[in-house]
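Note that the numbering runs from 1 along the sequence shown for the chain. All values below come from the heavy atoms of this structure, side chains included, with hydrogens, waters and symmetry mates left out.
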Amino acid sequence: MTDRIIRLTIQAGVILAVVIALPYKVFELDRYFVPKELVLHASALLIAVALFARRRSLSFDLVDGLLALFLLWSVGASLFATNYWLAQRSLAVSISGAIVFWGARAIASRGSYRPILVAASIACVCAAAFCLAQAYGLDSEYFSTNRAPGGTFGNRNFVAHMAVIGLPALVWCTVTARRPSGALAGSLGAALVGAALVLSRSRAAWLAVAAAVIVLLIPMIASRKYWRGEAHIGGRFARFTLAAVIGGMVSIVLPNALNWNSDSPYLDSARGMIDYKKGSGRGRVAQYKNSLHMAASNPVFGVGPGNWPVEYVRYAPAGDRSLTDDGMTANPWPSSDWVAFISERGFVPTAALLGAFAILFFAALRRWGELEDPDAVLAQCVLAGTVVTTLVVSAFDVVLLLAAPAFMVWSVLGATSGIRPSAREVKIAPPWLGAAAATLVVASTIATARSATQLMAMSSVGRGGLTAGWVTGAMWDPGSYRINLRVAELYSRRGHCAVARGYARQAVSLFPHSPDAKRIARNCD
């Protein structure tokens, strides 16, 4: 029963995290992030309860140890954060992702990995389908026009990252489908994903596909002796590849609703994949250098999880492309998971997480003879492929810091790495197990409650027309800099400084280097 709860929770959660979004355009990023975070945290809470229910012992290996070190060090780093609200939110995504990983790994060790990979494949195709729907003219208040075609992610790069991370699982589900109709559905999904990847113009996703093909070419050839008797696998893989290529080619010639600024947008993106001397590549390099200066100033614990936008303005020179006209960062995170981890949490947890990924990758390419069937061997290639695609896209943008892709990554990694037990495992004794269980359940409960109150705040504000809505939103989410600043502005314009002062000071406490918040607080003193 507990395995079934975990399996169904992961299946439903990874798909729902793709589909869900809010229509409140005044919260242009959070209207996508917050509901997806709520899905991740609620799923993690259910998994944590089911994972530890009636459990008297638990296996624990080196990967689990490195992941636990990453989380514990991150908790320590959060104690030194300037903005505790941002620290809790960022840390919660990491903890919930780890719980999903452990839950998927636990049930995969008892043979329940296929349903999780199928759900991940469906989520991958759904993300691509929403992307294509917007690209070809579907207008919805749940879509954003700023970084189209982003579908239910609001950003074309995020859709591409989700699609490319789920691509290895989609390949596996197609070639190992138990019925021809399943293989046909997988090929159709490949066409959608191929088209979405082309239209997204995401260079990180394109590099991830290329890296996965290059790195996995030899392992795929080596695995052939394990599935040579399964004649349909090679034919299905060829059809899958052909469908993806055709989908990408058709998307280029088929008229769409996208307004690119270039006459040859896809060629320009291809040319700029490794160009770091101009455009966004040059901006990334400058941002990485400034963020590493931040990390060098705080090498042990960083500036705190989620606090990169709070402190980056201190290290960025005038004219930095990561800053906007109001003196704040354009995005709430740097253009790389690993730059974020180093600058926000320190070098030790970043090395621990990289070590966990490295162990998973190399373990996936060993001891295939111990596996029972060809499907399990190919699932190890999925594990290696998912690690490669995740590392590539996370080097150029955030993936593990966002709820939906983190859900995808950790569920696939858990399902594929749990197929066979680790060579070195230890058992957690009941006292330690109880403490770990209580800690994870409490953390998941807090994260779920926080996301729910953020959702209530956004619902209260709605489309931002009424002052009362903003005030109610500040009550539900006192950690929102945007809401507190907006309430302070509204009351300050009316001359109600006595009221505006409190909200302005709250905004300053969240972002001490914000010019707008400090200006209102100063004018009302």
* To do: Assess the side chains of Y312 and D320: does a donor N or O sit below 3.5 Å from an acceptor N or O?
  => yes

* F27 versus I483: any side-chain heavy-atom pair under 4.5 Å? -> yes

* Structure fact -> Distance col, row S480:OG vs N484:CG, nearest 0.5 angstrom, shows 6.5 Å

* Would I165 and T386 count as a side chain to side chain contact (heavy atoms under 4.5 Å, CB included) if you check the C-alpha gap in whole Å, the side-chain angles of each, and the deciding distance to 0.1 Å? -> CA-CA 6 Å; I165 291 170; T386 305; 4.3 Å; yes

* Name the orientation class of the two ring planes belonging to F70 and F341 (parallel below 30°, tilted from 30 to 60°, perpendicular beyond 60°). => perpendicular

* Kindly say whether V93 contributes a backbone atom to a donor-acceptor pair with the side chain of S96 at under 3.5 angstrom? => no

* Determine whether the side chains of R345 and S94 contain a donor N or O and an acceptor N or O closer than 3.5 Å. => yes

* Asked: Roughly how far, to the nearest 0.5 Å, is CG of L22 from NZ of K36?
  -> 9.5 Å

* Describe, in one word, how the ring planes of W410 and F101 are oriented to each other, choosing from parallel (under 30°), tilted (30 to 60°) and perpendicular (over 60°). => perpendicular

* Asked: Which heavy atom in C524 sits nearest to a heavy atom in S492, and how many Å separate them?
  -> SG-OG, 4.3 Å

* Structure fact -> CD1 of I10 to OG of S43, rounded to nearest 0.5 Å, is 8.5 Å

* Is the backbone of G154 close enough, under 3.5 Å, to the side chain of R31 for a donor and an acceptor to pair up by distance? -> no

* Report yes or no: do Y288 and S336 form a side-chain donor-acceptor pair below 3.5 Å? => no

* Decide yes or no on side chain to side chain contact (heavy atoms under 4.5 Å, CB included) for S200 and V159, but give the supporting numbers first. => CA-CA 8 Å; S200 70; V159 172; 5.8 Å; no

* Asked: Is T453 reaching over with its side chain to a backbone N or O of A449, donor-acceptor style, under 3.5 angstrom?
  -> yes

* To do: Nearest 0.5 Å please: distance from the CG atom of L197 over to the CZ atom of R156.
  => 12.5 Å

* To do: Measure the shortest side-chain to side-chain distance between V14 and V412 over non-hydrogen atoms and say whether it is less than 4.5 angstrom.
  => no

* **L510 backbone acceptor or donor facing N83 side chain under 3.5 Å** => yes

* To do: Locate the shortest heavy-atom distance separating A104 from S411; write the atom from each residue and the value.
  => CB-O, 3.6 Å

* Evaluate the side chain to side chain contact (heavy atoms under 4.5 Å, CB included) criterion for residues Y84 and S509: first the C-alpha distance (whole Å), next the side-chain angles of each, then the deciding distance (0.1 Å), finally the verdict. => CA-CA 10 Å; Y84 288 111; S509 71; over 6 Å; no

* Where the side chain of S251 meets the backbone of G248, is there a donor-acceptor pair that is under 3.5 Å apart? -> yes

* Under 3.5 Å: donor-acceptor pair, side chain of S78, backbone of V75 -> yes

* **Flag, side chain of W73 to backbone of F301, donor-acceptor distance under 3.5 Å** => no

* Considering only heavy atoms from C-beta outward, does the side chain of Y503 approach that of L490 to under 4.5 Å? -> no

* Smallest separation among heavy atoms of A42 and T448, with atom names -> N-OG1, 3.5 Å

* Asked: For M328 and Y481, what are the C-alpha separation, side-chain angles and deciding distance, and is it a side chain to side chain contact (heavy atoms under 4.5 Å, CB included)?
  -> CA-CA 12 Å; M328 303 286 285; Y481 164 80; 3.8 Å; yes

* Asked: Is N307 reaching over with its side chain to a backbone N or O of P305, donor-acceptor style, under 3.5 angstrom?
  -> yes

* Asked: Does a side chain donor of either S394 or W338 reach within less than 3.5 Å of an acceptor in the other side chain?
  -> yes

* Audit row: R482, D30, salt bridge (charged side-chain N to carboxylate O under 4.0 Å, His left out) steps and yes/no -> CA-CA 11 Å; R482 178 184 301 176; D30 280 345; 5.2 Å; no

* Asked: Within the distance-only criterion (no hydrogens, no angle test), does the side chain of Q134 pair as donor or acceptor with the backbone N or O of G150 below 3.5 angstrom?
  -> yes

* Check whether any side-chain heavy atom of L199 sits under 4.5 Å from a side-chain heavy atom of Y136, and report yes or no. => yes

* To do: Kindly indicate whether the side chain of V399, heavy atoms from C-beta on, has any atom under 4.5 Å from the side chain of M162.
  => no

* Under 3.5 Å, side chain of T152 to main-chain N/O of V18, donor-acceptor pair present? -> yes

* Structure fact -> In this structure, CZ of R501 is separated from CD1 of I520 (nearest 0.5 Å) by 12.5 Å

* Note, Q287 side chain near W308 side chain (heavy atom, < 4.5 Å) -> yes

* Asked: Between F158 and W333, how do the two ring planes meet: parallel, tilted or perpendicular, split at 30° and 60°?
  -> perpendicular

* pair S144-N155: side-chain heavy atoms closer than 4.5 Å -> no

* Indicate the ring-plane relationship of F130 and F143, choosing parallel, tilted or perpendicular according to the 30° and 60° boundaries. => perpendicular

* Sub-4.5 Å side-chain heavy-atom contact between L354 and L66 -> no

